[in-house]
Number of protein chains: 2
Amino acid sequence: MLELAVLGLLKEEPLHGYELRKRLRDYLGLFASVSFGSLYPALARLEASGAVHAIEVHRSTAGYPMTGSLSGERTAFHRSRADANRRSRSRRVYSITEHGQQLFEDLLSGTSNENDDERSFALRWTFARHLRPQARIRLLERRKAQLRQRLVEVNAAAASNDSLDSYSMSLVEHATESTKRDISWLDKLIDAEQIAAHAASRPQEGARSARDVAHPKQHGNAR
Amino acid sequence: MLELAVLGLLKEEPLHGYELRKRLRDYLGLFASVSFGSLYPALARLEASGAVHAIEVHRSTAGYPMTGSLSGERTAFHRSRADANRRSRSRRVYSITEHGQQLFEDLLSGTSNENDDERSFALRWTFARHLRPQARIRLLERRKAQLRQRLVEVNAAAASNDSLDSYSMSLVEHATESTKRDISWLDKLIDAEQIAAHAASRPQEGARSARDVAHPKQHGNAR
DNA sequence: ACATCACTATATCGGAGCGATATATCGCCA
DNA sequence: TGGCGATATATCGCTCCGATATAGTGATGT
């Protein structure tokens with residue numbers, strides 16, 4: 001689900017491949033470290049399917065880098081980074097399209113394509129602010145059900161298998177404990193989300209901004 | 001590193017592809033669930049490189065299934081399983097070769113091919129009984145260094161990045177905590193291994209079987 | 001008697017991702 | 001001037017996965 005990560009970053013601002021990879025590494029590094037051998041084909045796929053749109057930005061060397069006309073740069077947004085005026089060869093700057101927005105929401109809610117593993121969940125949760133509260137809770141519940149299922153399977157396999165040596169056993173025990181902790185963590189998050197959803201559904205108390213808490217149409221001030 | 005898992009299972013007894021996959025799923029299911037689309041090409045690679053040797057075993061239907069002459073079956077070994085006399089179509093039974101034994105040890109000790117991730121370590125630890133005590137400790141220490149490195153990187157990334165929302169932050173916090181627990185677990189294992197190695201190096205007290213604790217040349221009674 | 005189902009068993013296909021590598025350009029510094 | 005490191009895009013070979021094809025087998029059902 002590299003597409004999801006790419007669309008999630010392009011949703012905030014247009015970016016070219018090299019910068020995308022840096023952000024993938026730095027911001028989502030834990031869950032989506034990616035190589036160019038994956039990124040460029042993924043961008044080509046997204047472009048072919050019409051989810052993103054690329055414009056060629058030639059180097060300007062002098063003055064301002066606003067060469068990318070079509071909302072190309074959103075200048076002085078991440079100027080804290082060292083790449084302030086480093087403009088070198090021509091770049092392909094990708095923007096997300098309407099269709100891409102739709103694809104992003106589909107991938108994020110996970111209604112299609114049940115390819116769920118550890119990283120897939122972590123990536124979705126990173127973009128949880130783009131989900132409705134209800135969908136957020138569904139995501140957490142799905143993940144929890146997965147982990148519980150895995151617990152059952154591991155315990156069953158370990159019980160029916162008496163030929164485990166001490167090394168395998170230590171591995172199984174540690175994995176079981178870790179999974180239980182993950183489930184507890186999910187429970188905590190689910191509680192917090194339910195409280196938030198509950199508070200949002202009665203606007204008479206604490207009435208301010210009960211509606212704009214990550215409604216899917218809310219984009220722009222993504223922080 | 002599917003090869004490592006396959007060789008580790010074939011080290012115990014010759015198996016055909018379908019049974020290999022079952023054991024990969026049941027015994028090492030947590031860390032190496034594998035599909036036929038991976039397994040059969042991997043077996044073909046191992047066969048091409050001379051690490052395993054395949055013999056065609058045709059069905060016999062009547063009497064004993066000892067058709068696979070060359071140490072083919074090791075009859076009545078896992079008869080507790082339901083596939084006792086289920087002999088159907090012809091199978092390709094794979095055995096590990098001398099070269100395969102060497103390859104297994106190389107992959108297991110990890111001197112070549114530093115492709116270390118979560119599952120890679122878990123898989124190696126599953127076969128830790130085939131390592132010398134010294135190599136076991138090295139494996140644990142390498143894994144620990146990896147996790148510590150990741151902790152540092154994640155903290156640095158999170159500190160330099162002020163645009164993390166609460167969802168990403170909860171993810172980072174949970175991952176940090178989990179990693180710390182993993183490190184503690186590794187510390188525990190390292191301590192235990194060092195005590196065992198220490199005890200094994202002075203055979204004058206508790207002298208029984210200090211030498212046969214998983215020496216690399218000890219094969220045969222692999223359980 | 002025959003159909004159907006579930007299991008055993010091997011194999012291949014397309015696609016995704018990775019690591020390595022190739023090819024440029026640019027700024028900097030010795 | 002020449003090398004080095006960062007920026008930037010792209011491709012190659014490989015591994016792995018999920019899906020699918022093919023086929024033999026025993027049990028179950030009608």
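To find a chain, count down the sequence lines: A is the first, B the second, and so on, and within it residues start at 1.
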Every protein N/O lying under 3.5 Å from an N/O of nucleotides 14-17 of chain C:
{"unit_1": "dG17(C)", "atom_1": "OP1", "unit_2": "M1(A)", "atom_2": "N", "d": "3.1"}
{"unit_1": "dG17(C)", "atom_1": "OP1", "unit_2": "L2(A)", "atom_2": "N", "d": "3.3"}
{"unit_1": "dG17(C)", "atom_1": "OP2", "unit_2": "R45(A)", "atom_2": "NH2", "d": "2.9"}

*Quick one: is dA8(D) close enough that its OP1 or OP2 comes under 4.0 Å of any side-chain N or O from R91(A)?*
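For R91(A), the contact criterion (side-chain N or O under 4.0 Å from OP1 or OP2 of dA8(D)) is met.
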*On the 0 to 90° scale, with breaks at 30° and 60°, tag the W185(A)-H174(B) ring pair as parallel, tilted or perpendicular.*
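Answer is parallel, since the angle falls under 30°.
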Tell me the interatomic distance from [X], atom [atom1], to [N], atom [atom2], rounded to whole angstroms.
| X | N | atom1 | atom2 | answer |
| --- | --- | --- | --- | --- |
| L46(B) | dC14(D) | CG | P | 15 Å |
| F36(A) | dT23(C) | CZ | P | 17 Å |
| L43(A) | dA8(D) | CG | C1' | 13 Å |
| L15(A) | dA8(D) | CG | P | 11 Å |
| R25(B) | dT8(C) | CZ | P | 9 Å |
| R21(A) | dA10(D) | CZ | P | 15 Å |
| E56(A) | dA10(D) | CD | C1' | 13 Å |
| K22(A) | dT9(D) | NZ | P | 11 Å |

*Of the nucleotides dT7(D), dT8(C), dT10(C), which has the atom closest to the H16(B) side chain?*
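For H16(B), the side-chain atoms sit closest to dT10(C).
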*Y40(A) side chain: which of dT9(D), dT8(C), dT10(C) is closest?*
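The closest nucleotide is dT9(D).
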_A cation-pi test, strictly: NZ or CZ of R21(B) under 6.0 Å from the centre of the six-membered ring of F36(B) and no more than 45 degrees from its axis. Yes or no?_
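Yes - R21(B) lies over the ring of F36(B), closer than 6.0 Å to its centre and within 45° of its axis.
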Can a salt bridge be assigned to the pair [X] and [Y] using a cut-off of 4.0 Å between side-chain N and carboxylate O?
| X | Y | answer |
| --- | --- | --- |
| K22(B) | E19(B) | yes |
| R23(A) | E12(A) | no |
| E153(A) | R150(A) | no |
| R92(A) | E47(A) | yes |

*asked:* Within this structure, what is the CG-CG distance for the pair L46(B) and L2(B), rounded to the nearest 0.5 Å?
replied: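 L46(B) CG to L2(B) CG: 8.0 Å, rounded to 0.5 Å.
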